[in-house]
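Working notes for the structure below.
Per chain, numbering begins at 1; letters A, B, ... match sequence-line order. Note that this is a predicted model, so its numbers are computed, not measured.
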2 protein chains.
Amino acid sequence: MADQIPRVVVLRLPMYARVLSGLVKENRKVVSSQELGARLQVTPAQIRKDLSYFGKFGKQGSGYSVKKLLVELRSILGLDREWSVAVIGAGRLGKALIKYPGFAPQGFNVVGAFDNNPHLVNKKVGKVTVRSIDQLEDSVQELGINVGIVAVPAPEAQNVVSVLLRCGVKAILNYAPAVVQVPKDVQLREIDPLLALQSMTFYLKETRTPRRDRGVRS
Amino acid sequence: MADQIPRVVVLRLPMYARVLSGLVKENRKVVSSQELGARLQVTPAQIRKDLSYFGKFGKQGSGYSVKKLLVELRSILGLDREWSVAVIGAGRLGKALIKYPGFAPQGFNVVGAFDNNPHLVNKKVGKVTVRSIDQLEDSVQELGINVGIVAVPAPEAQNVVSVLLRCGVKAILNYAPAVVQVPKDVQLREIDPLLALQSMTFYLKETRTPRRDRGVRS
DNA sequence: CCGTGTGAATGAGTTCACAGCC
DNA sequence: GGCTGTGAACTCATTCACACGG
C-alpha cells in the first residue's frame, strides 16, 4: 500500500479526519458519506471512492462508525504517533509558528528553533531555545527531527531546505515565498498567502462596484 | 474572457508572475518557457498552454519578453490595482497578518482589523486600529473592503464569513481550521498548516529510521 | 535552427449508477 | 429502504508533437 493512491486523495484525508473529530465531540456515533460530504462541500461518491483505496470501513444501510473511521484515518495518515518539528527562521512568522498551540495536540511537537540572527540565538521562544542555523545539521539527529518548517526570507529558503535534505528530513512545510527544489521522495507543501490572494483577484476583476441598497437597515 | 479557464491555470499564474518579478530584478530581458519551467518545476508545455488561454505573448525563436509578460500577467490577475483587505481576528495570528510587510508592496493594503475581544478593540496594531466585530458590517463599505482574511477561532469562522458575504465581499482567505461555506461566485482559499502537515506524514510512514552513516564527517 | 502556439492524444480525477448487504 | 463499495463513463488537466514564424 504505497503510492498508487492519487495525491489529491491524500490531501483530502486530513479534512475528513478533522470533521470526524468534530463529530466525535458532538457524540455522533454514525455518519453517512452523504452527511460527511455536506459538511465538507464534497460529493458523497468522492468520499466513498477515496476511502475505498484503503479498505472497507462502512456498514451498508447505516454508514460509518465515527470513532472507528477516525481511528483508521489517523492510522493511515500516520497521526497515531508523535512527530518532531523544527522551525527554521525565528522572525515574526517563525515565532508565531513556534508558539502556535495547534500543533502539539495533533502530535506535531516543535522541538527545535533556528535562526542566523545572533540577537535571537539562545533566546527562548515559547518552550524552545533558538539555536544558530549552523547547528541545524547536528540538531536534526540529536532532536530526531522528522519535519522542517521553513520561515526564513525567500533568498535563504533553498539553502535551508538543502540542509534539511542533507540531514534526511523528508517533509518540509515552506512558508518562504520562493520556489524550492526537492527530490521527489521528499514531501513539500507551500504556504503562501500572497499567491492565494493573487489567484482570487483574477476572479474579482469582473465584479465591479457591487450595487448596494443604500440607507435602509434590515 | 470569463471562467472557462481551468481553475488550476489561475492558481499557477501568480507563481509565474513571481518568478518573472525575480527575473526583472536580475535584469533578464527574455525568457523561454523552458527556463521558466525549470525554475518552477513545471513543464514548458504547461506554461505555454496556460498562457495560450489569454493570448500570444511570446516570440517564436526567442521566447517571452520578461517585462511585457509580467505586465500582462499582472493585468490578467488584477494586480495592476490596489485591494483593500480586512483582517478579522486580532489574536496572535491576526496580529502577525496585520503586520506582515509582504502584502502592501503587492497591492494588498490591510485597511481594517476586527476582533470581539474588548481588550483589543481600539488598540493599534501596526498601522490600523482594531475595531469591534460589530462594526465589521458598516466598515466594509466605509473602508471599501474587497478581501477578507479570517483569523478567528474555528467555531466563529462561519459567522464571520457570513457577515463578509452579506457585505458583498467576494474573496476570503480563511486561516481558521474549519470548513466554511460560501456561494460559488465567492472565492475562498484555505490556509491550514495542520492539514498540510497531516498530508505529508502519510508519505513518511513507510520511511522508517533512515540509515545514517555514523562517525565519518565529510 | 529555436521556441511558440495549439489541436490531438494521453492521463488523472470525479461522478454515475447499480449490485450487494444490512 | 438506505447506504456502501466499485467498475464504467465521463470530465478535466497535462503532455505530445508538429506547423509556423523570427
Next item on the list: Using a 4.0 Å heavy-atom cut-off, write out nucleotides 15-21 of chain C from 5' to 3' as B (base contacted by protein), S (sugar-phosphate only) or - (no contact).
Entry: B-B--BB
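Remark: C1' of dT14(C) and CG of Leu51(A) are 15 Å apart, rounded to the nearest angstrom. Atom NZ of Lys29(A) is separated from atom P of dC3(D) by 19 Å (rounded to the nearest Å). Straight-line distance from the CZ atom of Arg7(A) to the C1' atom of dT14(C): 17 Å, rounded to whole Å. As rounded to whole Å, 15 Å separates atom P of dC12(D) from atom CD1 of Ile5(B). For Asp50(B) and dT15(D), the CG to P distance is 10 Å, given to the nearest whole Å. Going from atom CZ of Phe57(B) over to atom C1' of dT6(C) covers 15 Å, rounded to whole Å. Look at CD on Gln41(A): it is 16 Å from C1' on dT14(C), rounded to the nearest Å. Atom CD of Gln4(A) and atom P of dG11(C) are 17 Å apart (whole Å).
In this structure, OG1 on Thr201(B) lies 4.5 Å from CZ on Phe108(A), to the nearest 0.5 angstrom.
With dA13(D), dT6(C), dC3(D) as the candidates, the nucleotide lying closest to the side chain of Ser52(B) is dT6(C). Each of dT4(D), dG13(C), dT14(C) was ranked by its minimum atom distance to the side chain of Ser33(A); first place goes to dT4(D). Ranking dG5(C), dT4(D), dT14(C) by closeness to the Lys56(B) side chain, first place goes to dG5(C).
Checking Gln187(B), Arg189(B), Arg7(B) one by one against Ser199(A), the side-chain hydrogen bond (donor to acceptor under 3.5 Å, both in side chains) holds for a single residue, Arg189(B).
Checking Gln41(A) against Gln181(B) by side-chain atom types alone, a donor-acceptor pair falls below 3.5 Å.
Phosphate proximity of dC22(C) to Ser62(A): absent, as no side-chain N or O sits under 4.0 Å from OP1 or OP2. Taking only side-chain nitrogens and oxygens, Lys59(A) never comes nearer than 4.0 Å to OP1 or OP2 of dG2(D). Residue Tyr64(B) has no polar side-chain atom (N or O) positioned under 4.0 Å from OP1 or OP2 of dC2(C).
Thr43(B) contributes a side-chain N or O that, together with a main-chain N or O of Gln46(B), makes up a donor-acceptor pair within less than 3.5 Å. No side-chain donor-acceptor contact under 3.5 Å links Asn174(B) to the backbone of Glu190(B).
Checked for salt-bridge contact, Arg39(B) and Glu26(B) meet the test: a charged N lies under 4.0 Å from a carboxylate O. In this structure, Asp50(A) pairs ionically with Arg12(A), as a charged nitrogen and a carboxylate oxygen lie closer than 4.0 Å.
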